[in-house]
Amino acid sequence: MSPLVSRTSRVPAAWLAAVAAAVLGAVALVVPTRAALADPLESCTPTQGAIVAVDFGAWGGPLLRGCDATPTTGLDLLHEAGFTTAGTAHDGPGFICRIGSPAFDAGAEHPTPADEACELTPPATAYWSYWIAPAGQDHWTYSPLGAMSQRPGPGEVEAWVFGGTDIGGSTGVPTFTPASVRASGPTPTATATPTATPTSTPVPTRPTEAQVKAVASYLVGQLVDGDHVDNGFVNYYRTIAVATALAGTGGQDQTLTKVVDYLRAHVDAAIFPNGDTAVPNTANVANLALLATITGGDPRAFGGRDLIATLTDRVCTATDIDAGCAAAGDFAGSTGPMTHATALLALKRAGITPPTATVARLTEQQCASGAFGGLWLAPGEFCDPDIAATTLAVLALHALGGQDEALGSAKTFLTGAQETDGGYQPYTGAGLTDTYSTGHAAQALAVLGITDRAAAATGFLVGRIATGGGLSPDPSNPDADLAATAAAALALAGTNLAALTHRLGGPPPAGPRPDLAKGVSYLVAPANLIDGQYYESFPGFPDFGLSIDGAYALAATGGDDAKLRAIVEFLRGGGAVGDNGFTVDMWLGVGTDYAVGGAIGKVALLAQVTGYDPRTFGGHDLIAALGDVTCTKVDASTGCAGAGNYRYATSVFGQSLGIIAQLRAGQGEAAAKPVEFLKGLQRADGSFPSLIPAADTDRDVDSTAMAAMALAALADDPAAATAVDKALAWIASTQKEHGGFPGAAGDSTNSTALAIQGLTLRDTTYAGQIGKALAFLAAQQNDDGGFTVAAGGQAGSDVRASTQVVGGATGISFAALARDVHDTPGPDPSGSPTPTPSASQPSSPTATPVATPSATGPGGHSWGNLPRTGVSIVTIALLALVLVVGGVLLLVAARRRAVSDNGGES
């Protein structure tokens with residue numbers, strides 16, 4: 001969240017003003033979505049979560065409903081509840097043209113392309129109408145907002161019905177009631193007469209909460225001394241499996257903590273049974289790393305061992321049986337695809353992109369049937385399918401992304417191998433279905449979106465629950481079995497190894513946190529927010545980039561909506577102050593040969609996040625302008641570093657904010673080349689440079705965080721997800737012992753704030769580092785609520801640093817930031833309201849101030865060590881030029897930072 005500035009001498013003309021840094025972003029692409037795994041209906045209550053119901057009766061289908069315990073928008077609710085959608089080419093993904101569900105018509109979206117092309121807005125007589133009923137309301141209301149703008153409240157139910165209605169929703173009301181589809185209501189039925197032949201297949205039995213608790217109690221009862229499994233010797237593999245199962249079933253945190261502590265204390269015995277110079281027990285290493293991540297621990301520091309390094313440092317380069325290497329690409333000690341896939345999943349969940357050779361090694365082991373064997377196979381060797389190995393391979397490849405062919409083949413195998421009772425045979429020709437295999441398969445089926453078959457497998461498992469809560473392994477043995485029960489527990493609990501998260505002890509321990517309410521008070525103080533509308537870097541000249549950063553901070557905290565709207569209206573109205581002639585239009589250069597792509601994106605995003613229309617903001621269509629400034633080739637004379645670079649976007653920040661603005665506007669296709677250009681800037685170690693083009697040594701925390709937030713918006717792009725994981729792992733590796741992150745001015749507050757926003761994309765993995773970073777920021781907060789630029793730097797609060805810290809410390813990614821204030825009344829000139837941070841902001845106990853403001857310039861700006869987005873040197877030079885020419889109209893605000901002070905731009 002930094003002002004747009006240029007740090008180089010490569011300015012081709014005065015119009016090349018300030019270029020690039022922080023901003024928000026992201027939204028859905030104009031492509032069909034992939035169905036998510038819905039939260040259990042029990043997760044949605046009258047006070048939590050929201051239910052959405054979709055009526056497929058127009059095609060003879062059922063009325064289906066789903067739950068999202070933490071919805072953000074109506075569109076998000078649909079997707080997270082298990083439905084897929086597609087928008088129109090004309091209106092983008094926000095106009096729901098098609099809806100599908102894996103539970104109806106094999107997931108096909110309706111209306112089909114044969115019925116509706118979804119190129120233009122469908123007619124009012126045949127479209128998906130959108131209805132809402134807040135908690136306690138017993139009738140439907142036609143939604144006045146689109147799915148991307150509607151914010152479902154706790155206990156709300158929403159409905160989608162295909163047919164027709166007018167703009168006021170006076171016709172086409174759902175024929176079912178809100179009460180009938182609430183979580184506490186009866187199972188809904190279809191509202192139209194079905195045309196399809198009803199199925200006679202019985203509905204699978206679902207596990208009850210009591211049954212899941214009984215499974216957990218059984219597992220606890222199998223532990224010796226309440227902390228490990230002993231079969232005449234300590235069985236670490238089974239102990240880890242029980243701990244993972246308890247994390248899935250919940251309600252046994254005291255025991256789970258004890259087991260994890262036992263494993264932590266005996267980690268060497270578990271992973272190096274023959275000493276740490278011998279081949280490790282890779283199965284235990286991988287499963288322990290997964291368990292550490294699942295329970296909110298750090299797999300890089302588990303009982304004094306770095307489990308991640310134990311895997312990555314032992315990747316085989318050639319066949320070496322003595323070293324535990326069956327072939328190149330193995331993890332040393334891995335005995336087959338199951339262990340190997342578990343290691344890949346452990347790395348991915350820890351934020352590490354596995355080496356390419358290890359992924360190739362797994363895919364090469366896939367059998368012609370689509371299954372995976374239990375042991376490593378030589379080329380041409382007979383493959384006996386192993387359900388557990390196939391499941392772990394599916395979970396790993398699905399998490400890694402980009403493996404559609406392998407997953408499709410595995411899906412075909414798992415579908416064909418399921419028996420009529422819902423179970424799976426342990427091996428070919430076994431003649432019976434067993435619990436262990438089916439417990440694994442149910443996880444894979446759910447991840448692959450085959451919900452009916454996953455339900456059948458889970459129903460099979462329910463039928464295997466024996467007296468005492470454990471599960472019997474097969475029909476020949478009615479007694480409960482530990483291995484079978486542990487294997488089935490996650491499926492019975494409705495989760496899987498790729499998604500399970502159960503942080504022990506709840507949220508991270510409360511530590512020092514910056515006081516964001518005080519921070520907001522500092523930002524809106526009259527001495528800082530001039531006329532309650534803008535910030536300035538030099539008296540009489542508004543700093544538009546800094547003003548937008550301040551607006552983002554207010555949007556993130558929800559601390560002062562009136563002031564936020566005042567800033568937006570000031571910018572929307574042109575931003576003129578006095579008669580100096582410097583306006584937002586001058587700064588943007590829209591329609592000129594020197595239009596600045598990064599600045600255009602930053603203003604467009606401000607409009608989007610605050611509820612305004614970027615296509616008619618300040619008299620400009622800023623989304624169209626971004627398309628106009630997208631380069632088609634390298635041309636230094638027009639500010640183009642390559643195809644897809646935005647003109648005069650000379651930083652990763654500028655490139656990222658343009659991408660985010662286009663994606664938020666639903667312009668996925670237009671953003672494709674800019675996205676590829678951004679991906680190409682990433683270093684092998686995961687970092688991104690600050691400048692474009694970049695020096696070989698240019699690696700920047702701020703730019704890497706911003707690029708990660710931009711790429712994270714591409715939810716259906718596996719390559720983007722991998723790039724995000726690598727970027728965050730690199731950011732995490734740069735954290736200092738005191739919790740801060742390095743910036744050009746030292747251990748910087750704004751670099752730390754941006755790092756928090758980036759790491760929050762994977763908050764489970766990086767919870768500890770986020771906590772340390774927040775504590776660092778708390779230590780840099782002053783009595784007036786503002787923040788210093790850097791640890792050990794010049795004392796005193798800096799407005800620029802403070803805007804970035806206040807927004808970044810909330811942990812809200814720019815891809816999720818939204819605070820609609822376009823209808824909010826203007827500011828009260830008599831004073832500022834007490835800031836009230838929004839619910840999305842972390843708790844912020846008042847920090848103990850450690851610095852006293854001193855040596856500050858006008859408006860509370862420190863003029864010593866600047867933040868990396870520091871005071872504009874060129875702005876001052878331009879003012880001098882204006883004085884010399886005696887009032888000549890200022891055409892540009894070009895600002896350049898010394899690289900030694902700033903190291904990056906935003």
Side-chain angles (χ1 to χ4, degrees), residues 33-37 79-80 244 247-248 282-283 285-296 299-300 307-308 311-312 315 329 331 334 337-366 370 372 388-411 414 440-450 454 490-491 494-502 686 708 711-712 714-729 761-766:
T33 56
R34 177 182 299 168
L37 291 176
H79 295 165
E80 294 302 313
T244 304
T282 305
V285 176
N287 282 295
L288 266 181
L290 264 178
L291 178 63
T293 298
I294 287 168
T295 55
R300 298 168 185 79
L307 302 174
I308 300 302
L311 294 171
T312 57
V315 175
F331 295 101
S334 175
M338 184 172 178
T339 298
H340 192 86
T342 305
L344 292 176
L345 183 59
L347 292 178
K348 180 63 177 178
R349 292 210 57 181
I352 301 298
T353 300
T356 302
T358 62
V359 179
R361 173 64 164 149
L362 179 62
T363 56
E364 290 164 359
Q365 286 288 303
Q366 190 167 26
F372 288 80
T390 303
T391 291
L392 267 297
V394 165
L395 296 180
L397 294 174
H398 187 273
L400 290 168
Q403 301 292 335
D404 289 350
E405 184 176 352
L407 290 172
S409 184
K411 182 176 181 178
L414 289 169
H440 281 90
Q443 295 184 54
L445 293 170
V447 166
L448 290 170
I450 320 174
L490 296 189
T495 187
N496 60 78
L497 278 174
L500 174 60
T501 296
H502 184 86
L711 294 175
L714 301 163
D716 294 326
D717 184 342
T722 298
V724 171
D725 290 338
K726 291 178 63 177
L728 300 183
L761 295 170
R762 304 286 188 271
D763 58 349
T764 299
T765 301
Y766 298 109

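Closest approach of Ala723 to Leu711, counting heavy atoms only: CB-CD1, 3.8 Å. Contact record, Ala454 with Ala446: CB-N, 3.8 Å, taken as the closest heavy-atom pair. Pairing each heavy atom of Leu307 with each of Val285, the nearest pair is O-CG1, 3.7 Å. Pairing each heavy atom of Leu497 with each of Gln443, the nearest pair is N-OE1, 3.1 Å. The shortest heavy-atom contact between Pro354 and Val359 is CB-CG2, 4.2 Å. Counting all heavy atoms, side chain and backbone alike, Phe372 lies closest to Leu362 at CE2-O, 3.2 Å.
From Leu291, atom CG reaches atom NE2 of His502 across 11.0 Å, with rounding to the nearest 0.5 Å. Atom CG of Leu414 sits about 5.5 Å away from atom CG of Leu445, to the nearest 0.5 Å. Remark: Lys348 NZ to Thr353 OG1 distance equals 5.0 Å, nearest 0.5 Å. Within the model, atoms CZ of Arg762 and OG1 of Thr293 stand 13.0 Å from one another, a figure rounded to the nearest 0.5 Å. In this structure, the separation between CG on Leu290 and OG1 on Thr295 is 10.5 Å, given to the nearest 0.5 Å.
Side-chain atoms of Asn287 and Thr244, non-hydrogen and from C-beta on, never get closer than 4.5 Å to each other. No side-chain heavy atom of Val447 sits under 4.5 Å from any side-chain heavy atom of Leu407. The side-chain heavy atoms of Leu400 and Thr722, taken from C-beta on, include no pair separated by under 4.5 Å.
Partners of Ala357 under the side-chain contact (heavy atoms from CB on, under 4.5 Å) rule, at least two apart in sequence or in another chain, do not exist in this structure. The ring-ring contact (aromatic ring centres under 6.0 Å, His included) test applied to Phe331 returns His340, not counting sequence neighbours.
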Practice prompt. Go through the steps for Leu347 and Ile308 under the test side-chain contact (heavy atoms from CB on, under 4.5 Å), then give the verdict.
Written response: CA-CA 7 Å; Leu347 292 178; Ile308 300 302; 3.7 Å; yes
Discussion item. As a quick check of understanding, evaluate side-chain contact (heavy atoms from CB on, under 4.5 Å) for Gln366 and Glu405, giving each step before the final call.
Written reply: CA-CA 11 Å; Gln366 190 167 26; Glu405 184 176 352; over 6 Å; no
Item to complete: Let me see the working for Leu728 and Leu761 under side-chain contact (heavy atoms from CB on, under 4.5 Å), right down to the final yes or no.
Response: CA-CA 8 Å; Leu728 300 183; Leu761 295 170; 4.0 Å; yes
Discussion item. If you apply the rule side-chain contact (heavy atoms from CB on, under 4.5 Å), what do you find for Leu395 with Thr391, and how did you get there?
Written reply: CA-CA 6 Å; Leu395 296 180; Thr391 291; 4.3 Å; yes
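Checked by atom type and distance alone, the side chain of Ser409 never pairs as donor or acceptor with a backbone atom of Ala406 at under 3.5 Å. No side-chain donor-acceptor contact under 3.5 Å links Thr495 to the backbone of Leu490.
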